[in-house]
Enquirer: 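Dropping a structure here in structure tokens format, bear with me for questions.
These values consider heavy atoms only, across backbone and side chains, with no hydrogens, waters or symmetry-generated copies. Below, chains carry the letters A, B, ... as their sequence lines are ordered, and counting in each starts from 1. Treat the numbers as computed from the prediction; the structure is a model and nothing was measured.
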Amino acid sequence: MKLTKSFNRSLWVFHLNTGSCNGCEIEIVATICPRYDPERFGIKLVGSPKHADVLLVTGPVTKKMAAKVRRVYEQVPDPKLVMCIGTCGQSGGVFYDSYNLDGPIDQVLPVDVYVPGCPPRPEAIVYGVVKALEKLERLEAAQ
Amino acid sequence: MLTDIILTLAGAFLVVIFSLIVAFFLLGVDRIVTARMQARIGPPLTQPFTDMRKLFTKENVVPANAIPWLFNLAPVVALASAITILLYIPIGGFPPVLSGGGDLILVMYLLTLPALALVAGGFSSGSPYATVGAQREMVTMIAYEFPLAVVIIAIAWKLAVSGVPLPFMLMSIQANPVWGLVGPLGIIGILILFFVLLIVTPAELSRIPFDTPEAETELAGGVLVEYSGKNLALFTLTQGVKTVVMASLMVALFIPYRLSALVPAPAILQPVLDLLFYLILVVLVAFVAVSLIRVSMARFRINQVVSVYWIYLSLIGIAGLLLVMADHFIGVV
């Protein structure tokens, strides 16, 4: 699948909770709010993974969720991007070493951008999106 | 005969190009205006076009449970039928491309086709969300049809009793603006009918507050849940073209005036003036019917949609019709 400029300018985001405590969700909603207005860059939240370009994953991936996370990832049409929001997805966070984890997320999915923080501030999430766009531009130039 | 066919084909081609450009424009204006009303900056005007270009480069997933031919056919039928309606509606000062055959009744039938294609696409995607969405789309369609018919019949009836031949033809409606035929009571009636058509439009376009078939929060996109890539792009484009259709229909029914008749201008400039005037009217009507209502309201439940249309809006529409009739009979006596 080819990456184009219009892809970078129209990222539709599907948000997936894999066992998060809802802290990251609140910050994601804060990022979508008028104060930061990501729609300026064509970014919007969609309700179905089939419409999405970016998979926003929060939480440490519990055992029960792992299969569903893989399935949602496969439902996102190519080309796609995975962003991991919050410390849980990177290391397990406070759930590190728990018997109930299949994660962190990079044990389950290929992750493109990590946004650390517990929870990360909206500015950090916006910075993560900028990093994602940089990566997309690099990949576009390389193809 | 042959030149007629060629002219019609050329006209149809122009209408297709024109409707797509205006559709992208209206979608973009809607997003910017919505953003401004929510104290945001909003995307650039070209955002819908960028979205479309992106969707065409994306993978087109056909679910394992779907019926592939129907699943892929539905978006094409939806877009084609939406554009076909525009061939029967006068645009600016120009007569409709297929001016010979079609009238308002045909337009009403054609208006159901994109919605039916959406329902067929939803049922064929083999997802429970899409099935619920398709059922809701059908219910919405049944709900708004009656007030829409009341509006169209009221105007055609007024033209008929005023002695206008072929009252259902859009050309005769354009030649005899309905405002000039009625007294003060009738003007109130027509204003009410205009209001009814304004409220029917968001349901026709499945926009908030009547976007129950899509309902992102409960149905995850409803009828469109399984659509991706170019099929989703075609459905989004259909919605844009339908916005143009509904706005053009409202302008043709209620504001069928031409700027060139009021402002003296050289003969060459007249079509340009008419077209610009028409575009301004379409943007204004679309702003009120789509953006303003969308920003100021939340979504109705599906049973509320039915009672809003069948009870309240039908009663309001019939009141408008009765006012127009009362005006006529008082005038006669």
Side-chain angles (χ1 to χ4, degrees), chain A residues 1-17 25 28-56 68 71-82 122 126 129 132-133 136-137 139-140 143, chain B residues 28 30-64 66 71 122 125-127 129-130 133 211 213-233 235-236 295:
Chain A
M1 282 288 145
K2 229 167 107 22
L3 288 170
T4 55
K5 274 209 169 51
S6 44
F7 184 79
N8 299 353
R9 277 290 167 184
S10 152
L11 293 175
W12 291 1
V13 179
F14 180 75
H15 165 231
L16 177 66
N17 181 340
E25 278 69 30
I28 288 168
V29 172
T31 317
I32 293 294
C33 275
R35 185 176 180 116
Y36 299 98
D37 189 23
E39 206 193 350
R40 281 176 295 166
F41 311 112
I43 296 169
K44 69 171 188 180
L45 278 182
V46 290
S48 158
K50 293 271 167 68
H51 302 176
D53 308 300
V54 179
L55 196 59
L56 217 60
K68 277 85 175 172
R71 198 166 151 193
V72 169
Y73 175 78
E74 280 158 12
Q75 284 190 349
V76 179
D78 285 327
K80 57 191 159 192
L81 203 72
V82 177
V126 172
V129 174
L133 285 174
L136 281 173
E137 272 161 21
L139 289 175
E140 192 195 329
Q143 75 184 351
Chain B
D30 171 51
R31 282 180 76 169
I32 291 182
V33 167
T34 306
R36 292 293 152 87
M37 282 190 277
Q38 292 171 342
R40 292 186 288 130
I41 293 169
L45 188 61
T46 51
Q47 188 61 47
F49 187 65
T50 316
D51 288 351
M52 214 59 56
R53 276 182 50 191
K54 176 205 73 179
L55 284 174
F56 272 103
T57 63
K58 294 234 3 161
E59 190 187 1
N60 183 20
V61 183
V62 180
F71 185 79
S125 20
S127 151
Y129 289 111
D211 69 332
E214 277 162 36
E216 301 239 310
T217 37
E218 357 159 357
L219 288 185
V223 265
L224 298 177
V225 70
E226 293 293 338
Y227 277 100
S228 59
K230 73 173 199 302
N231 284 340
L232 183 62
F235 269 133
T236 318
V295 172

Enquirer: Run the side-chain contact (heavy atoms from CB on, under 4.5 Å) check on A/H51 and B/S228 step by step: do they pass?
Expert: CA-CA 5 Å; A/H51 302 176; B/S228 59; 5.5 Å; no
Enquirer: Heavy-atom pairs under 4.5 Å with chain A are the metric here; pick the option from B/Q47, B/Q38, B/M52 that has the most.
Expert: B/Q47
Enquirer: Heavy-atom cut-off 4.5 Å, strictly under: side chain, backbone, both or neither for B/I32 against chain A?
Expert: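 It is neither, since no heavy atom gets under 4.5 Å.
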Enquirer: May I ask you to decide whether B/D51 forms a salt bridge with A/R9, counting only side-chain N to carboxylate O separations under 4.0 Å?
Expert: no
Enquirer: To the nearest 0.5 Å, tell me how far B/E226 CD sits from A/S48 OG.
Expert: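 Output value for this atom pair is 6.5 Å.
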Enquirer: State, yes or no, whether a side-chain contact exists between B/V61 and A/K50 at a heavy-atom distance under 4.5 Å.
Expert: yes
Enquirer: Can you tell me if A/D78 uses its side chain to pair, donor with acceptor, with the backbone of B/K58 under 3.5 Å?
Expert: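 Absent.
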Enquirer: Check A/D37 against B/I41 and note the closest heavy-atom contact, atom names and distance.
Expert: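 The pair with the smallest heavy-atom distance is OD2-N, 3.0 Å.
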Enquirer: Please determine if B/K54 and A/D53 form a salt bridge, counting it only when a charged side-chain N lies under 4.0 Å from a carboxylate O.
Expert: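 A/D53 and B/K54: salt-bridged.
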Enquirer: Would you say that more than 12 heavy atoms from the other residues, nucleotides or ligands in this model lie under 6.0 Å from the CZ of B/F49, or not?
Expert: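 Counting other residues, nucleotides and ligands, CZ of B/F49 stays at 12 neighbours or fewer.
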